[in-house]
2 protein chains.
Amino acid sequence: MTDPGLRERKKQRTRADLQRHALRLFRDRGFAATTVDDIAAAAEVSRSTFFRYFPTKEDVVLLDDVDPLYEAAFRAVPAGTPLLEALRRSMHTAFASLSDEKRALEEVRMDLARSIPEIGAVLRERNTFGVDHVATLVAEAVGRPATDEDVVVFAGVVSGARLAAQELVRRDPGRPYIETFVHVLGMLADGVPLAEVPVGT
Amino acid sequence: MTDPGLRERKKQRTRADLQRHALRLFRDRGFAATTVDDIAAAAEVSRSTFFRYFPTKEDVVLLDDVDPLYEAAFRAVPAGTPLLEALRRSMHTAFASLSDEKRALEEVRMDLARSIPEIGAVLRERNTFGVDHVATLVAEAVGRPATDEDVVVFAGVVSGARLAAQELVRRDPGRPYIETFVHVLGMLADGVPLAEVPVGT
DNA sequence: GCCTTTCTGGGACTGAGTCTCAAGTGGTAC
DNA sequence: GTACCACTTGAGACTCAGTCCCAGAAAGGC
């Protein structure tokens, strides 16, 4: 927590500049039509520098200081709360604590994730809500190994809930993503919907 | 169903050749170390031709004649079967009906999906078990619109179950993928595991 | 001020993916 | 069989993502 030093501050600023300009360009011209050269030029650094900060063009969308908040909120839920409810509540409180600026950035990221499939895929992969990440978190919370079958399946269901939320937003744009996710998690508390409904006419 | 004609047969053979050689090269040298030129050369066609058959290098892994079988099996489940059980059973029967050759091809595809993240992501995206695809299928089976919230959430859970199965296989290589998936679907019939377990020590 | 460490810019290189055009091959009608 | 049409292929040029390397600039410690 000591003074970061000039060098470190410059790096943080360069990284933030690159992301800011990149997201703006993606939004205005589209992802494919924006080249890395364009982004580097807009941020007034060289192409080389771009790739030093972000391994790929997709990664610039992934830079994220929101995910840690969800995690912290989850760990802060009082002991004794049922697992699914704990997850649902931590999503809610973490999102409520975001600044307007962060929330706007989050919106753009989500838009891109929805409109550009590759980005959506990468985002899901590396996000807080990837299966193995949730499994690790949950394992810690309930005091079981992360290899436990129940833990992994629970984590899978949570990831699935997120996929469902994204799909619902995709079909009804304008619907707020986080609230939808929270809502879906609530639905699952009553068991898997439709599981017992008979198929056929 | 009439005679496909020489032209059509040639195309099918070229497509199959490209996939066969590509998967072999991927397995032997790795995905990144195999260039499209290598694949085209092995299949004795030009680079241009490769891209006429497959839009990207990843897509060559996705060519799939197995998915339709799952779908057909699902539609063939007797009316009245509970939805989750119907899905579980159709997975089982469809996989049992595969020829040894197809099953081996399926193995290689699954290996690649597991070891190369980008492929895994694309596979999940376009697979039979993508959320919107399952939602469409389920909507038809239970006679509800595909936009129904319950339908989408159910579809999300099924996709999540598949993610969990993949994760379990990843942590315990050698475990058969399809059987694991079927097993996970069975677990969900009793509700979401751990949902009510309290968090904290 | 000087020396070391770290960061940047420039340029060369590989490979994916797109496009265009000319030549080849299957289908078909006579 | 042959002549014509539609479709398919091969070749080459081009753009852009991503990697590598090296020389010079900037920051930190003394």
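Each chain gets a letter, A, B and so on, in the order its sequence line appears, and its residues count up from 1.
For the OP1/OP2 pair of D/dA27 and a distance below 4.0 Å, the side-chain nitrogens and oxygens of A/Lys10 include at least one atom meeting the criterion.
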Residues 152-161 of chain A, side-chain donor-acceptor partners within the protein, below 3.5 Å, at least two apart:
{"unit_1": "A/Ser159", "atom_1": "OG", "unit_2": "A/Phe129", "atom_2": "O", "d": "2.6"}
{"unit_1": "A/Ser159", "atom_1": "OG", "unit_2": "A/Ala155", "atom_2": "O", "d": "3.3"}

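A/His92 and A/Glu179 share no side-chain donor-acceptor pair at under 3.5 Å. In summary, the side chains of A/Thr14 and A/Asp17 do not present any donor paired with an acceptor at a separation below 3.5 Å, with no hydrogens or angles considered.
In this structure, A/Arg13 places its CZ atom 14 Å from C1' of D/dA26, rounding to the nearest Å. Per the geometry, CG belonging to A/Asp59 stands 13 Å off C1' belonging to D/dA17, to the nearest Å. Taking atom CD on B/Glu58 and atom P on D/dA17, their separation rounds to 16 Å, with Å as the unit. In this entry the distance linking CZ of B/Arg7 with P of D/dT8 reads 6 Å, nearest Å. The CZ-C1' distance, from B/Phe26 to C/dA16, rounds to 12 Å in whole Å. Regarding B/Lys11, its NZ atom lies at a distance of 16 Å from the P atom of D/dA6, rounded to whole Å. Taking atom CG on A/Leu6 and atom P on C/dT6, their separation rounds to 16 Å, with Å as the unit.
No salt bridge links A/Arg171 with B/Asp132; every basic N to acidic carboxylate O contact stays at or beyond 4.0 Å.
Ring-plane geometry between B/Phe181 and B/Tyr177 is classed as parallel, the angle between the planes falling under 30 degrees on a 0 to 90 degree scale with a further cut at 60.
Contacts of residues 29-57 of chain A with DNA chain C (heavy atom under 4.0 Å): A/Val45, A/Ser46, A/Ser48, A/Thr49, A/Arg52, A/Tyr53.
Between the CG atom in B/Leu83 and the CZ atom in B/Arg88 there is a gap of 13.0 Å [rounded to 0.5 Å].
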